[in-house]
Amino acid sequence: MKTSVIGYPRIGAHRELKFASEKYFAKKIELNELEATAKEMRLSNWKSQKEAGIDFISSNDFSYYDGMLDTCFMLGVIPERYKALCLSKLDTFFAMARGYQTEKGDVTALPMKKWFNTNYHYIVPEFDDGVAVSLDDSKIKNEYNEAKAAGVQTKPVVIGPYTFLKLSHFNGSKKLAGYVASIAEAYKLLLKNAASYGAEWVQLDEPALVLDMSSEDKKLFAELYSAILEGKAVKVLLQTYFGDVRDYCADLLKFNFDGYGLDFVEGKESLNLIQKNKAEKGAVLFAGVLCGKNIWRNNYAKTEALLKNIQSAWNGEVVVSTSCSLLHVPYTVKNEQKLDASILEHFAFAEEKLAELKEIAAIFNGDNSACAKNAKLFERERVAKNQAVAAKIANLKKEDFVRKPAFAEREAIQKKVFNLPLFPTTTIGSFPQTAEVRANRAGYKKGNISREEYEAFNKKMIADCIKFQEDIGIDVLVHGEYERNDMVEYFGENLDGYIFTQNAWVQSYGTRCVKPPVVWGDVSRRNAITVEWSKFAQSCADKNSKKPVKGMLTGPVTILNWSFPREDISLRESALQIAFAIRDEVLDLEANGIRIIQIDEAALKEKLPLRKADWHSEYLDWAIPAFNLVHSGCRAETQIHTHMCYSEFIPIIQDIDNMDADVISFEASRSNLEILQALKEKNFRTEVGPGVYDIHSPRVPSVEEIVNAVEKMKKFVPESKLWINPDCGLKTRGWTETEASLKNLVAAAKKVRG
Ligand code: GLN
Ligand code: ZN
């Protein structure tokens with residue numbers, strides 16, 4: 001049995017490419033130095049895979065920023081405004097990714113979106129009227145030859161035309177249909193060229209096949225591929241991932257592909273599908289049985305059983321593969337020095353997954369030497385169960401998820417006790433994280449600053465922040481979040497069951513990486529986390545305005561979604577454990593006189609299943625109750641806020657209302673009126689604070705602009721339910737624009753109140 005890897009991480013085990021790129025952006029190094037680093041990354045990736053003995057190794061999985069953006073360049077999908085900058089090819093590429101400043105003004109970057117159900121973000125291609133599709137496959141050819149020169153035969157991988165078109169934005173007079181023929185032509189030529197420079201296989205990635213497909217989608221796919229595959233002289237692997245191809249499997253297997261890459265980890269239906277549908281004889285199945293997204297060791301016994309079923313269903317060769325690109329996992333466990341060996345033996349990052357692929361293949365070829373060691377890892381529970389947590393979850397009753405009294409009654413009570421003006425003003429939580437704020441935290445972490453000094457600094461910042469908000473007349477105050485680096489890590493550090501790596505970086509977008517914490521064992525709250533800071537902030541306000549200060553927490557679903565989750569228990573169970581921990585904090589804040597508590601769910605939508613049919617059964621049916629559990633124990637007088645960093649929740653608007661928060665703030669300044677329309681149509685019950693200005697840029701919104709935004713909102717949201725706040729936290733902003741913007745926000749609120 002042969003082995004295949006869909007793609008490899010490319011940022012560098014020590015983020016070398018990130019640092020080199022950033023130096024290049026800052027004009028601290030020349031292009032050739034950046035190129036040298038890039039080449040080193042590629043060669044070292046190929047070397048790791050070759051040494052591990054992988055049979056199908058990818059090339060062109062490297063990118064200076066993003067694979068979708070590479071594909072734009074491959075096809076000539078470059079909007080006029082970037083061409084007009086007359087930059088070199090790579091600088092045009094970076095201009096599209098990051099924006100470009102000229103004397104005449106800024107050319108903004110193309111938008112980014114989340115890549116399917118991952119935390120990776122791709123650049124959204126834009127077709128404008130200047131686009132004339134034509135193939136430039138020099139990058140693919142160069143990387144193929146580079147690998148070949150290093151003694152590695154590779155399969156070039158390219159994002160397929162269907163996925164590319166489905167994710168593109170069409171801005172000009174010609175829409176998608178107008179480009180089908182020329183795109184197909186370009187891919188056809190790509191295959192022809194690949195054959196001529198010696199590639200045996202080309203991998204075309206079509207993850208969009210795992211989404212719900214309409215009949216037009218199917219037509220589009222067929223139109224593209226019947227043209228592309230005609231007369232091809234190279235083997236083509238159609239690679240899917242992140243789910244199964246249940247809408248299209250039978251048709252797909254009728255195409256003249258030489259290989260099909262299916263995902264048997266996230267694709268729950270994949271086995272079923274190949275049992276029911278037969279492929280044309282001779283096609284190779286690339287069976288994605290090794291999870292490309294999570295960091296845990298594969299369970300060989302289970303995988304062997306699965307592979308046996310796969311093999312008996314498939315009438316042709318089976319190759320063992322990763323379930324998706326390894327882009328979504330860190331490089332290697334070897335770079336973790338601080339965690340205990342008893343923990344590390346459970347981890348498999350990209351490099352360790354290569355060895356796993358080989359061992360699984362070996363088991364199939366009759367060599368069982370790796371089985372015993374692997375079986376030991378799964379013999380018993382990794383960590384002792386937290387019996388108290390288990391009991392709490394076992395004893396959960398329906399009413400534990402229901403806050404009482406019901407919303408309307410609470411709303412009336414809260415209106416009375418808070419006595420806030422119409423259109424209350426507030427912010428989302430964080431205030432500018434200046435260099436001093438970060439230095440204070442870093443100094444304390446390194447031991448250069450004593451605990452007393454650290455706390456004294458933060459308290460001074462909090463006191464100033466409260467005073468600032470009081471001076472300018474904000475109604476509901478926040479403490480500023482100076483103690484937090486990150487909204488998940490900060491909580492994880494205070495929760496039992498969480499562990500942290502040193503180098504497990506994963507690319508999030510471009511040069512940005514995240515280092516998700518790991519849910520290792522049962523989660524519970526070790527100690528109060530935010531209580532002292534919130535209490536102190538409220539005490540500052542009590543000395544003066546007596547205004548309420550919002551406690552500020554991250555919700556259980558977001559904490560879980562931005563961590564590497566366990567696989568030995570369900571996501572639901574993990575979410576409930578975290579919910580209990582945050583619930584403890586909520587009740588503690590309440591008991592300490594905090595009257596308003598915000599529970600952020602910035603990442604709630606992130607893990608919504610790709611197929612609509614799975615939304616509730618696989619996700620929302622536990623995610624929303626987990627949130628409910630966090631605040632169901634609160635008194636009626638305690639006002640619960642939540643926050644989301646996006647406004648595209650129309651399809652799940654009822655579920656958002658069912659979170660039963662008292663107030664929700666969300667991003668709205670950059671989006672259109674649709675969300676407001678939906679709030680009105682659905683009779684949205686929760687009070688709302690649609691962001692009135694965009695915090696992602698330093699631009700200061702005028703009073704008039706904010707007044708206009710609020711006037712617009714008033715047409716859709718009852719006055720009694722409308723709050724005025726920015727889009728998101730202010731941590732990435734400077735003080736100058738923060739001060740000016742918030743003053744205008746308060747002035748605007750006064751104006752609309754009349
Ligand atoms: N309370 C957080 C802040 O203001 C929310 C961050 C977020 O939504 N991503 O920074
Ligand atoms: Zn936000």
Among L262, V318, T303, side chain to side chain contact (heavy atoms under 4.5 Å, CB included) partner for I310: V318
Salt-bridge present (K268, D244; N to O < 4.0 Å): no
Listed partners of E51 passing salt bridge (charged side-chain N to carboxylate O under 4.0 Å, His left out), at least two apart: K47
Electrostatic pair E266-K293, nearest N-O below 4.0 angstrom: yes
Any pair counted as salt bridge (Lys or Arg N to Asp or Glu O under 4.0 Å), so long as it reaches residues 325-339, sequence neighbours left out: K334-E351
Identify each donor-acceptor pair in which a side-chain atom of residues 339-350 lies under 3.5 Å from a protein atom, sequence neighbours left out, and give them as a table.
{"unit_1": "D340", "atom_1": "OD2", "unit_2": "S342", "atom_2": "N", "d": "3.1"}
{"unit_1": "D340", "atom_1": "OD2", "unit_2": "S342", "atom_2": "OG", "d": "2.7"}

Check ion pair D614-R246 (N to O, under 4.0 angstrom): yes
With sequence neighbours excluded, residues passing salt bridge (charged side-chain N to carboxylate O under 4.0 Å, His left out) with K515: none
Partner residues of D496 under the side chain to side chain donor-acceptor pair (under 3.5 Å) criterion, sequence neighbours left out: R526
Salt-bridge contact K219-E223 (side-chain N to carboxylate O under 4.0 Å): no
D70 vs S63, side chain to side chain donor-acceptor pair (under 3.5 Å): CA-CA, chis, key distance, verdict: CA-CA 7 Å; D70 287 327; S63 178; 2.8 Å; yes
Report, one line per pair, each donor and acceptor closer than 3.5 Å where one atom sits in a side chain of residues 144-160; sequence neighbours left out.
{"unit_1": "Y144", "atom_1": "OH", "unit_2": "Q153", "atom_2": "OE1", "d": "2.7"}
{"unit_1": "Y144", "atom_1": "OH", "unit_2": "G198", "atom_2": "O", "d": "2.9"}
{"unit_1": "Y144", "atom_1": "OH", "unit_2": "A199", "atom_2": "N", "d": "3.4"}
{"unit_1": "N145", "atom_1": "ND2", "unit_2": "K141", "atom_2": "O", "d": "3.4"}
{"unit_1": "E146", "atom_1": "OE1", "unit_2": "R42", "atom_2": "NE", "d": "2.6"}
{"unit_1": "E146", "atom_1": "OE1", "unit_2": "R42", "atom_2": "NH2", "d": "3.4"}
{"unit_1": "E146", "atom_1": "OE2", "unit_2": "R42", "atom_2": "NH2", "d": "3.0"}
{"unit_1": "T154", "atom_1": "OG1", "unit_2": "S59", "atom_2": "OG", "d": "2.9"}
{"unit_1": "K155", "atom_1": "NZ", "unit_2": "V5", "atom_2": "O", "d": "2.7"}
{"unit_1": "K155", "atom_1": "NZ", "unit_2": "S58", "atom_2": "OG", "d": "2.8"}
{"unit_1": "K155", "atom_1": "NZ", "unit_2": "Q203", "atom_2": "OE1", "d": "2.6"}

Lys/Arg cation over aromatic W520: R566, 6.0 Å, 45° cone: no
D61/R10 ion pair, N-O < 4.0 Å: no
